[in-house]
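Input: a single structure, listed below in structure tokens.
The first residue of the sequence shown is numbered 1, and numbering continues consecutively from there.
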Amino acid sequence: MPTFPFVRELLGWNGGNPNIADRSSAGSRAISECLLEALGATQSVQHTGQTAGMALEVAVRDHLASTLPARLHGCRVEVSRRTAISDFGQYAHLAKLERLIKADATGTLRASIGTDYEIKPDVTVGLASASSPLPFLHAAVQCKWTLRSDRAQNVRHDAVILIRHRRGRLPHIVPVTAEPMPTRLASLARGTAEVDTLYHVALDELDLAVRARGSAQQIETLDELVTHDRLRDLSELVPTLLL
């Protein structure tokens, strides 16, 4: 599977370490170094952590905007960043709920219901048609540069909100990551499948790196995720969204 040019631009070396590596983990550093070698990435980069995550969001948004057709299922395709889900048809009722909560001077509704339902996915794919005032949320893409435990739980939380509060068909819920450790990928890919599947920006290179520098457990975990279709390469995302 070809690696997209933006992946080679985003991944690189920072202070002598791969910018996707957990510097406190020898295994993460080893796999990350081999992954960058497989990519042929030799450049020094400044972006790490949240800065790299934002760059990944922009790159994924631009990738989807340029590769998805202008119309899908008879509707105009709209790709954006950080759009509130209440701006889409299946979740428009959440905006009404928010207005009721704000109008309640007693604070009872806010205390009873909370406000964690108004999420803004990193990238959204909407389908807008002349017959509907609001676009349909076709896909919610969460971009996580790496997957520490809190980031995996954040993705799961947002996925549960999307599942629980929809009125209509569920959108595709797809996280995208550059995380190098299979065991950390498994923290999101395994389980009750709140997400469709997990997409990696460089799966072929990750496979080479894990087999060359990973432990037996890391190799076994990666094989499990790929075999059971819980981990795919980013190149497979657009074909999936066309279905």
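Clustering ILVMFWY residues whenever any of their side-chain heavy atoms sit less than 4.5 angstrom apart, transitively, puts M54 in a cluster other than the one holding F6.
When atom types are taken as modelled, the side chain of H165 and the backbone of E118 share no donor-acceptor pair closer than 3.5 angstrom. Under a 3.5 Å cut-off, the side chain of S66 and the backbone N or O of H63 do form a donor-acceptor pair. Side-chain atoms of Q90 come within 3.5 Å of backbone N or O of R169 as a donor-acceptor pair. Here the side chain of R230 pairs a donor or acceptor atom with the backbone of A189 at under 3.5 angstrom. Under a 3.5 Å cut-off, the side chain of R8 and the backbone N or O of L39 do form a donor-acceptor pair. Although no hydrogens or angles enter the test, the distance criterion places a donor-acceptor pair under 3.5 Å between the side chain of Q43 and the main chain of L11. Side chain of W145 to main chain of N19: a donor-acceptor pair is present (N/O by atom type, distance under 3.5 Å, no hydrogens or angles). In this structure, the side chain of Q142 does not engage the main chain of V155 through any donor-acceptor pair within 3.5 Å.
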Exercise. Are H172 and L237 close enough, and set up right, to give a side-chain contact (heavy atoms from CB on, under 4.5 Å), and what steps lead you there?
Worked result: CA-CA 10 Å; H172 291 280; L237 178 54; over 6 Å; no
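Between the side chains of R184 and T177, no donor N or O sits under 3.5 Å from an acceptor N or O. Side chains of T183 and Q217: a donor-acceptor N/O pair is absent below 3.5 angstrom, by distance only.
In this structure, D122 pairs ionically with R82, as a charged nitrogen and a carboxylate oxygen lie closer than 4.0 Å. A salt bridge links D223 to R211: one of the charged nitrogens lies within less than 4.0 Å of a carboxylate oxygen.
The two residues L188 and P175 have their closest heavy-atom pair at CD2-CG, 3.7 Å. Of all heavy-atom pairs between P171 and A139, the closest is CB-N, 4.1 Å. When all heavy atoms of A140 and L162 are compared, the pair lying nearest together is CB-CD1, 3.8 Å. Taking both residues in full, the closest heavy atoms of S25 and M181 are given as OG-CE, 4.2 Å, listed atom of the first, atom of the second, then distance. Contact detail for C143 and V123: the closest heavy-atom pair is SG-CG2, 4.3 Å.
Atoms CG and CG, from L127 and L137 in turn, are 8.5 Å apart once rounded to the nearest 0.5 Å. Atom CD of Q218 and atom CD1 of I31 lie 5.0 Å apart (nearest 0.5 Å).
Each of L198, D233, L225 was compared with L203 under the side chain to side chain contact (heavy atoms under 4.5 Å, CB included) criterion, and only D233 meets it.
With contacts defined as side-chain heavy-atom distances shorter than 4.5 Å, the pair T3/D204 does not qualify.
Residue E220 places its CD atom among 12 or fewer non-hydrogen atoms of other residues, nucleotides or ligands, all under 6.0 Å distant.
Using cut-offs of 30° and 60° for the angle between ring planes, the H73 and H138 rings count as perpendicular.
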